[in-house]
Amino acid sequence: MYVLVALVNIATRFWVMHMRKCLIAGNWKLNGDHTLCEQFAGTAFPTKPSLDIVICPPTVLLQSMHQLVKKYSNCLHLGAQDVSVEAQGAYTGEISAKMLHEAGAQYCIIGHSERRANFAETNEKVAIKMTHLLKANVSPIICVGESREAREQQQTLAVIEAQLSPIKAVLQQQAVSCAQIVIGYEPLWAVGSDRPASPEQAQQVHQHIRQLMTDVPDVDALRIIYGGSVTAHNSAALLAMPDIDGALVGGAALSIDSFLGLLPAV
Ligand code: 13P
């Protein structure tokens, strides 16, 4: 009997794990132009029911890329790289969640380490941004990750826990399903460094993130994606890990060939 229950548990876990669609997101950062939009929109990416491909161009290119994607009937989804902490009003230069939605964004990166470091994005601001995005029907890709020093001082999990704490509180309060969000684990020391986390290092943190989120609805549907020097050389090994549900890609998302090369085979 116990063996049967254990087998059912393992089978359920396997099924749930494979229920999560793999998500590969390209973050162009402060790069790209209309020509790159045309190249991506005009490329026949593999259409698989188990794969979501998202491109996050600079905000000013979102709307024209959205038109191009529609014109070529391309399977790409679009995402933004940031959103205002304000919903509307006298905030010169800001872009709201509703505006991003209208421009065609289905996803939006928040809490990226570059914004945390250069633009004072705090954990609390990230939680507010998440609330605006959810209200506007845009899925937040919430980035977390530790510095090299934090890792060396065995503080990785504590840092991630602190970053996710206000996020978790909002999700619980508002009974938001984990299916509506994505978490991106991007260790700072791996971003743009050509030194990615090993699949085992990333898996350990992803597993911890899933455990941290267990009391949020539908944790089994939570997609946790890895970012930090993902390329065609390491993506398959990373994506083979049970809690790595996709990749958040910077440099290798700036050319069609390198991006196509890192997409999963199945
Ligand atoms: P790289 O893939 O260039 O390391 O960048 C990762 C990243 O920051 C994606 O958001």
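Counting starts at 1 for both ligands and their atoms, in listed order. Numbers here are sequence positions counted from 1.
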### Query
Closer than 4.0 angstrom: is that true for some heavy atom of Gly227 and an atom of ligand 1?
no
## Note on the structure
atom 7 (C) of ligand 1 has as its nearest protein heavy atom Glu186 OE2, 3.1 Å
### Protein heavy atom at shortest distance from atom 2 (O) of ligand 1
Gly250 N, 2.8 Å
### Message
Under a 3.5 Å threshold, yes or no: a donor from one side chain and an acceptor from the other, between Tyr185 and Glu146?
### Response
yes
### Task
Report, in ascending order of atom number, the atoms of ligand 1 lying under 4.0 Å from any heavy atom of Leu248.
9 (C), 10 (O)
### Task
Could you establish whether Ser229 and ligand 1 come within less than 4.0 Å of each other, counting only heavy atoms on the residue side?
yes
### Message
Tell me which one of Arg210, Gln211, Gln204 satisfies side-chain hydrogen bond (donor to acceptor under 3.5 Å, both in side chains) with Asp243.
### Response
Arg210
### Task
Flag the pair His112 / Gln81 as yes when at least one side-chain heavy-atom distance between them is below 4.5 Å, and no otherwise.
no
### Summary
of all protein heavy atoms, closest to atom 3 (O) of ligand 1 is Gly251 N, 2.9 Å
### Query
Taking Leu76 as the fixed residue, which of Asp52, Leu68, Ile53 is the one that meets the side-chain contact (heavy atoms from CB on, under 4.5 Å) rule?
Ile53
### Message
Please compare Glu114, Gln81, Lys29 and report which has the shortest non-hydrogen distance to atom 8 (O) of ligand 1.
### Response
Lys29
### Query
For ligand 1, which atoms, with element, lie under 4.0 Å from some heavy atom of Val191?
4 (O), 5 (O), 8 (O)
### Task
Give me the one residue out of Val126, Thr122, Ile110 that meets side-chain contact (heavy atoms from CB on, under 4.5 Å) with Arg116.
Val126
### Query
What orientation do His206 and Tyr226 show, parallel under 30°, tilted 30 to 60°, or perpendicular over 60°?
tilted
